Visitor: 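Have a look at this one.
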Amino acid sequence: MKKTKIHDFYAKLKEQNPEPKGELHYVNTYTLLVAVVLSAQATDVGVNKATKPLFKKIKTPQKMVELGEAKLKDYIKSIGLYNSKAKNVIKLSHMLLDDYAGKIPEDRDELQKLPGVGRKTANVVLNIAFGQPTIAVDTHLFRLGNRTGLAPGKTPLDVEKKLEKVTPPEFMRHAHHWLILHGRYVCKARKPACPSCVVRDECGFKAKSTLDS
DNA sequence: CTCCCGATAT
DNA sequence: ATATCAGGAG
């Protein structure tokens with residue numbers, strides 16, 4: 001995609017939503033990390049529903065360890081993949097206490113040493129909690145990057161690298177949120193809302209039919 | 001590549 | 001009924 005078109009792409013998303021924000025609920029950096037770990041292959045709405053009562057009681061790794069895996073499972077059962085997520089959150093909390101003095105590391109490699117934390121989750125934490133211009137490529141960015149032609153790639157990492165190359169510096173900081181929100185509500189997996197899309201003219205994809213229900 | 005997995009939209 | 005959802009680990 002041409003540079004001017006990419007600039008327009010972001011400019012229009014920015015015009016529509018000047019201060020894009022994530023939709024996961026959290027009360028501090030630790031709960032943000034936990035919320036993102038829990039959000040794997042689950043909807044934000046579903047995760048928020050489960051974490052509301054959880055984070056009311058549990059806001060630190062210390063408290064999470066005290067709660068224990070079995071009780072944590074009760075809180076997060078409505079989210080998918082809860083067995084492995086509960087195990088990961090407890091172990092991750094132990095590691096934060098033992099190896100990081102209870103603090104969340106500001107480094108991607110260190111973050112990825114935590115169980116349940118891969119590159120995407122690490123990038124989210126770095127961006128939201130520490131203000132770094134990282135772009136976390138989740139299912140929405142991967143689909144949108146390929147579908148629109150903005151940043152085609154065979155793997156999420158391919159798409160991430162391409163996005164970092166083509167995204168103008170002025171848009172880097174919030175690119176992640178502009179793209180994820182656009183992917184979630186407009187450039188959807190099942191029924192993309194092309195007719196009402198603000199970057200329709202900057203997009204290489206056209207829905208086969210806009211008349212289907 | 002497969003497995004983990006319940007809730008929701010289609 | 002099935003695809004999809006702020007993926008990661010084995």
Side-chain angles (χ1 to χ4, degrees), chain A residues 13 17 20-26 29-55 69-70 72-93 95 104 108-130 132-147 151 153-160 163 173-194 207-213:
Chain A
L13 290 181
N17 189 355
K21 295 277 190 284
E23 297 179 327
L24 280 175
H25 296 165
Y26 58 95
T29 306
Y30 171 69
T31 50
L32 168 66
L33 174 62
V34 172
V36 181
V37 168
L38 295 178
S39 72
Q41 293 299 105
T43 60
D44 282 15
V45 176
V47 173
N48 289 338
K49 202 172 292 181
T51 56
K52 184 172 181 180
L54 175 64
F55 292 162
E69 186 177 326
L72 175 56
K73 271 187 197 177
D74 291 336
Y75 279 100
I76 66 172
K77 214 133 206 172
S78 62
I79 307 175
L81 317 179
Y82 60 87
N83 278 304
S84 49
K85 286 175 182 176
K87 190 178 296 288
N88 286 337
V89 168
I90 295 299
K91 184 171 185 185
L92 159 168
S93 300
M95 287 176 66
I104 313 298
R108 182 160 55 208
D109 291 328
E110 294 302 320
L111 283 168
Q112 287 193 230
K113 288 179 182 174
L114 301 170
V117 180
R119 189 181 179 91
K120 176 259 166 180
T121 297
N123 279 336
V124 172
V125 172
L126 291 174
N127 183 283
I128 298 179
F130 302 122
Q132 294 188 24
T134 56
I135 299 179
V137 177
D138 64 355
T139 182
H140 296 297
L141 269 76
F142 184 71
R143 177 181 66 250
L144 193 150
N146 280 294
R147 182 187 277 169
K154 297 184 187 69
T155 69
L157 184 57
D158 288 338
V159 172
E160 180 187 329
L163 282 172
R173 183 76 168 70
H174 298 297
H176 165 63
H177 278 139
W178 277 314
L179 297 177
I180 192 176
L181 291 172
H182 187 65
R184 184 178 297 162
Y185 296 115
V186 182
C187 197
K188 297 178 288 187
R190 294 230 191 164
K191 210 177 74 174
C194 298
K208 305 269 192 287
S209 168
T210 56
L211 299 177
D212 57 354
S213 60

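Letters A, B, ... mirror the listed sequences (proteins, then strands); counts begin at 1. Basis for what follows: all heavy atoms, side chains included, without hydrogens, waters or symmetry-related copies. Values in this document were obtained by computation on a predicted structure and should not be read as measured data.
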Visitor: At what distance, to the nearest 0.5 angstrom, does CD of A:E110 lie from CD1 of A:I104?
Guide: 12.5 Å

Visitor: For a quick test of reading the model: is some side-chain N or O of A:Y82 closer than 4.0 Å to OP1 or OP2 of B:dC4?
Guide: no

Visitor: For A:K120, is there an ion pair with A:E160 - N to carboxylate O distance below 4.0 angstrom?
Guide: no

Visitor: Which whole number of Å gives the distance between the P atom of B:dT8 and that of C:dG8?
Guide: 23 Å

Visitor: Expressed as a whole number of Å, how far does the P atom of B:dA7 sit from that of C:dA9?
Guide: 24 Å

Visitor: Along nucleotides 3-10 of chain C, 5' to 3', which nucleotides get a B, which get an S, and which get a -, given that the test is a protein heavy-atom distance under 4.0 Å?
Guide: BSBBBSS-

Visitor: Rounding to an integer number of angstrom, what distance separates B:dT2 and C:dA3 when you compare their P atoms?
Guide: 15 Å

Visitor: May I have the step-by-step check of side chain to side chain contact (heavy atoms under 4.5 Å, CB included) for A:V137 and A:H176, ending in yes or no?
Guide: CA-CA 8 Å; A:V137 177; A:H176 165 63; over 6 Å; no

Visitor: Can you establish whether the number of heavy atoms outside A:K87 located under 6.0 Å from its atom NZ is more than 12?
Guide: no

Visitor: What distance, rounded to whole Å, do you find between the two C1' atoms, one in C:dG10 and one in B:dG6?
Guide: 22 Å

Visitor: Any side-chain heavy-atom pair from A:T51 and A:T31 closer than 4.5 angstrom?
Guide: no

Visitor: Between A:G80 and A:K49, which is nearer to the 5' end of DNA chain B once each is assigned its nearest nucleotide?
Guide: A:G80

Visitor: Check the distance between B:dC5's C1' and A:L38's CG and give it to me in whole angstrom.
Guide: 13 Å

Visitor: If the C1' atom of B:dC5 is compared with that of C:dT4, how far apart are they to the nearest Å?
Guide: 13 Å

Visitor: First locate atom NZ of A:K188, then atom NE2 of A:H182, and finally report the distance between them rounded to the nearest 0.5 Å.
Guide: 11.0 Å

